[in-house]
Amino acid sequence: MSPFEEIRNFLLVETPDSWVSAALTHRSELMIDHANCEKKAASNAMNLLYRYVDKRELLIKLTQLAREELLHFEQVLQLMDSAKVEYTHLSPGRYAAGLHKNIRTHEPSKLIDSLIVGAIVEARSCERFHKLAKKIAEPLSAFYKKLFSAEARHFQDYLHLANLYSEDDNEVPKRVAFFLELESELILQPDAQFRFLSGAPVGN
Ligand SMILES: [Fe+2]
Ligand SMILES: [Fe+2]
């Protein structure tokens, strides 16, 4: 199975075509919010590095991941400069908060949920890069194709870590199913704001 097929099988729903169309007409927001997402991905990984100093494999994998996300951030900034897109403040969308607020607050459940949410965000980003790469003009198309394989790897890493640290065989599948259900609502329900991980556009 290709990495894309694996991600398509993992996610419950596909990004609506209306989101892809909106992305093509909201290029500045797309680029700015993408920059924010890369920065946030690095900082989420960094938070886990602070919280779980006793988990060796997590420290190694997420250090590599954080470095890669920061590199992506830098690359988005360069593309924004070439496209003359100014980096203005853009409020975060509902997606990440909608998932994060359902992370259990006690350990070790908090760790497992955080890793699962990490995997889902990577999977959805990957799916969106794949769709966008087919429609958007260069140089973004080539850039999104490149990011696609990195984010697919990040998805695998997060899922691997969740399975590694969970002490109960049923926990990861159960929590993955719970968060995917929630995620599909965030993707399909109408969303007034356009963002990299926003829902179905309203009136765009
Ligand atoms: Fe990234
Ligand atoms: Fe990533």
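Heads up: numbering here begins at 1 and tracks the sequence. Counting convention: from 1, in listed order, for ligands and their atoms alike.
For the Fe ion (ligand 2), the neighbouring protein N/O/S atoms at less than 2.8 Å, given as residue and atom, are Glu69 OE2, Glu122 OE1, Glu122 OE2, Glu151 OE1, His154 ND1.
Between Lys131 and Glu14, at least one side-chain nitrogen of the basic residue sits less than 4.0 Å from a carboxylate oxygen of the acidic one, meeting the salt-bridge criterion.
In summary, the side chains of His72 and Gln75 do not present any donor paired with an acceptor at a separation below 3.5 Å, with no hydrogens or angles considered.
Evaluation of the salt bridge (charged side-chain N to carboxylate O under 4.0 Å, His left out) test over residues 112-130, restricted to residues two or more places apart or in two chains, returns Arg104-Asp113, Asp113-Arg175, Arg124-Glu127, Arg124-Glu183. Judged as a salt bridge (charged side-chain N to carboxylate O under 4.0 Å, His left out), the pairs with a partner in residues 80-96 (not counting sequence neighbours) are, in order, Arg94-Asp191.
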| request: Take Phe10 and Val176 through the test side chain to side chain contact (heavy atoms under 4.5 Å, CB included) and record every step on the way to the result. | output: CA-CA 9 Å; Phe10 175 79; Val176 163; 3.6 Å; yes
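Evaluation of the ring-ring contact (aromatic ring centres under 6.0 Å, His included) rule for Tyr158 yields no partner, not counting sequence neighbours.
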